[in-house]
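Take a look at the structure below.
Residue numbers start from 1 in every chain, and the chains themselves are labelled A, B, ... in the order their sequence lines are given, proteins ahead of strands.
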Amino acid sequence: MKKLNILDGKIEMNHGSGGRAMVQLINEIFQEAFANQFLLQNNDQAAIPVEKGKIAFTTDSFVINPLFFPGGDIGSLAVHGTVNDLAMSGAQPLYLSAGFILEEGFPLSDLKRIAESMSNAAKNAGVQIVTGDTKVVHRGQADGIYINTSGIGVIPQGVHISAHLAVPEDKIILSGPIGDHGIAVMAERENISYSTPLQSDAASLNGLVNTMLKATKEIHVMRDLTRGGLAAAMNEISTTAGVGMVINESAIPVRPEVQAVCEMLGYDPLHVANEGKLMAICPADFAQTLLEAIRSHPLGSKAEIIGDVVADDDSFVEMVTNLGGRRLVDWITGDQLPRIC
Amino acid sequence: MKYISEFRNGEIGRELSKLIGKEVQPGKSYNIMEFCGSHTHAIFRHGIQDLLPDCIHLIHGPGCPVCVLPINRLNMAIELAQKSGNILCSYGDMIRVPGKDGISLQKVRASGADVRIVYSVMDALEIARGNRSNRIIFFAIGFETTTPPTALALKIAKKEKLENFYVFCNHVLTPGAIAGILDNPEIRSLGSIPIDGFIGPAHVSAVIGCQPYEYFAEEYQKPVVIAGFEPLDILQAIRMLVIQMNEGRAQVENEYSRAVKLEGNPNSKQQVADVFELRKMFQWRGLGSIPYSGLKIKSGFSRWDAECQFEISDQSIPDHKACECAAVLRGVKKPPECKVFGSICTPETPLGSCMVSAEGACAAYYTYGRFRSRGGAS
């Protein structure tokens with residue numbers, strides 16, 4: 001069979017109809033990129049040896065626009081996002097599935113680029129993409145490409161990390177500057193360019209988590225900051241654990257270029273998406289040890305202790321502002337909308 | 001000069017707070033209205049009220065163009081959006097505001113109407129150029145800050161003979177709104193809402209300058225200090241107002257001198273004068289009908305005036321029965337004093353526009369300050 005025309009070729013409906021064309025697409029793009037013994041077996045499932053301990057299992061779907069942005073693309077994001085969701089439980093991420101919904105007319109060259117990006121991200125994170133699915137929908141649907149990744153990992157013995165474990169007097173640690181991803185994507189989408197190029201911070205955090213767990217297992221909660229930003233993560237945890245939080249604005253790192261774009265458009269960095277940052281909550285006695293461990297890793301060099309967990313029946317997250325005043329850090333309502341005047 | 005970090009410097013802010021504390025006189029009350037919604041937002045976002053002595057009371061004004069737009073005007077925009085072949089372009093906040101029966105632009109978009117969020121009127125022009133078989137209508141709202149760009153856009157449309165671009169004009173004027181507040185019986189004759197001075201709007205003043213406020217300062221004997229949006233701007237402006245009030249002066253002062261000139265921006269003002277004229281009357285939410293407070297498009301540009309080119313019904317639509325936005329806009333009630341604040345009316349399920357707009361007092365209080373009424377609505 002003639003090889004796929006990656007250069008000019010486009011996705012057609014028969015690439016999703018379960019026939020030879022679909023098998024060719026899977027072999028020449030996905031098998032080629034992901035290359036592992038599980039996929040080579042050509043089964044509808046991957047048979048994986050059962051590990052002792054607890055299995056962590058997660059799923060996430062990716063519908064981002066634009067597909068390619070400074071610092072990443074929908075493919076690398078699909079790997080990092082699911083790896084991170086596993087890593088936040090303390091699990092060692094191991095295996096991912098990848099489901100693709102492709103729009104008729106989607107360029108094969110873009111698909112190949114995305115598959116290769118996923119392969120690189122998976123190699124760097126030490127995970128394998130072992131099973132997948134491909135569907136094709138009519139032109140006008142799926143915005144080019146949608147990806148779902150699900151993942152499994154194993155939580156080592158003695159590691160118990162969960163949102164409901166946050167208790168008053170715990171310390172809250174942030175691994176680095178917030179808002180990079182959301183602002184980089186938005187600048188790309190709206191064709192806004194700056195003298196300092198903005199990059200997404202998209203990264204797999206399991207290496208950082210390993211470093212943290214080597215330093216101490218006394219970690220109550222970990223959460224990677226994604227949509228809704230730091231504000232969403234804090235509110236999720238405080239609501240689940242039935243506690244409040246008080247954080248200090250002056251302790252929260254934000255890059256000047258991210259701050260500048262946020263101010264111009266009326267966005268609050270606390271609500272802007274991240275893809276390579278985490279929040280950790282631990283007993284006060286272990287906070288300094290944990291902070292130093294995070295800072296020793298390249299993805300956590302700018303980490304800070306940003307606040308405390310407190311008793312609060314209303315589960316409010318309050319912030320002491322730079323001025324010394326107080327404000328609530330609330331959930332975002334809908335999408336952040338650019339300011340009028 | 002790093003305008004963000006330097007004008008948010010905590011140390012200087014706390015120093016200013018101490019200076020204000022030294023200026024206030026014992027037994028005296030200082031009631032200051034910040035006219036502009038962005039100032040309300042900034043005050044809550046930075047927790048500025050926590051740096052002021054108890055005798056200074058901040059009253060939230062109606063300077064939020066989304067909040068003061070009456071429902072019937074929003075409904076006209078929704079009607080325009082629902083006509084087949086029309087693309088309605090709007091600033092972000094407007095799309096969540098509930099109109100008649102709680103229907104918003106966001107809801108009609110979900111039902112198939114072509115409603116697009118734009119950052120500026122220039123984006124709407126671009127959409128018009130790229131979609132010649134559609135009619136693109138820009139939902140123009142805002143005080144004097146956003147009016148010059150709309151004027152420019154109409155001039156560009158005329159020059160390019162862009163046949164499919166229209167503006168639905170709801171631009172309003174700050175002096176009109178200030179008059180509406182000060183002439184309000186609650187303030188003028190009953191004196192039940194004391195207002196001793198104003199923090200003047202920042203970007204509006206960059207366009208209109210300082211002179212338009214002199215009438216109010218003189219006639220009503222209320223000092224006006226024009227302030228920037230950063231915390232140090234606001235604190236310094238409050239200090240300047242306290243000093244004026246102590247000295248019994250009622251002058252217009254300009255704290256935001258890095259952006260506001262005495263004469264404003266003459267070019268912007270000329271662009272506006274070329275394209276717009278005053279409406280005899282304009283209905284404001286919360287403030288009633290105010291003469292010469294709104295703008296309409298001049299006849300020379302009527303070809304691009306949505307009100308001239310489309311048949312849209314303008315029926316008076318009352319606010320939701322339980323909604324107390326009108327009282328909040330006039331400074332008569334604080335948001336938590338509204339019976340439905342935080343319970344039925346929240347940013348996710350707003351009854352009125354004050355809870356929707358980022359510049360609305362209710363949204364500012366709910367988003368940043370509802371821990372202050374702990375134990376109440378949450």
Next on the checklist: Could you work out, with disulfide bond (SG atoms under 2.5 Å apart) as the rule, every residue matching B:C64, not counting sequence neighbours?
Outcome noted: B:C67

To the closest 0.5 Å, what do you measure between [atom1] ([X]) and [atom2] ([Y])?
{"X": "B:E348", "Y": "A:W331", "atom1": "CD", "atom2": "CH2", "value": "10.5 Å"}
{"X": "B:F44", "Y": "A:L328", "atom1": "CZ", "atom2": "CG", "value": "11.5 Å"}
{"X": "B:Y119", "Y": "A:M264", "atom1": "OH", "atom2": "CE", "value": "10.0 Å"}

Item to check | side chain to side chain contact (heavy atoms under 4.5 Å, CB included) partner of A:L323, chosen from B:L16, B:D50, B:L51, B:I12 | outcome: B:L51

Could you check whether atom [atom1] of [X] has more than 12 heavy atoms from other residues, nucleotides or ligands sitting under 6.0 Å from it?
{"X": "A:E169", "atom1": "CD", "value": "no"}
{"X": "A:R227", "atom1": "CZ", "value": "no"}
{"X": "A:D313", "atom1": "CG", "value": "no"}

Checklist entry - Does A:K171 have any salt bridge (Lys or Arg N to Asp or Glu O under 4.0 Å) partners at least two apart in sequence or in another chain, and if so, which? => result A:D308

Checklist entry - Is it the backbone or the side chain of A:D312 that comes under 4.5 Å from a heavy atom of chain B, or both, or neither? => result side chain

Next on the checklist: Using side-chain heavy atoms (C-beta onward) and a distance below 4.5 Å, is B:R45 in contact with A:D268?
Outcome noted: yes

Checklist entry - Are B:F371 and A:R326 side-chain neighbours, meaning at least one heavy-atom pair lies under 4.5 Å? => result yes

Next on the checklist: Counting heavy-atom pairs under 4.5 Å with chain A, which one of B:G369, B:G13, B:P347 comes out on top?
Outcome noted: B:P347

Checklist entry - Taking every heavy-atom pair that is under 4.5 Å apart, which of B:T346, B:V204, B:L232, B:T367 has the most such pairs with chain A? => result B:T367

Checklist entry - Using non-hydrogen atoms only, which part of B:N9 is less than 4.5 Å away from chain A: side chain, backbone, both, or neither? => result backbone

Item to check | B:R8 vs A:E263, salt bridge (Lys or Arg N to Asp or Glu O under 4.0 Å): CA-CA, chis, key distance, verdict | outcome: CA-CA 13 Å; B:R8 291 185 190 180; A:E263 284 308 312; 2.8 Å; yes

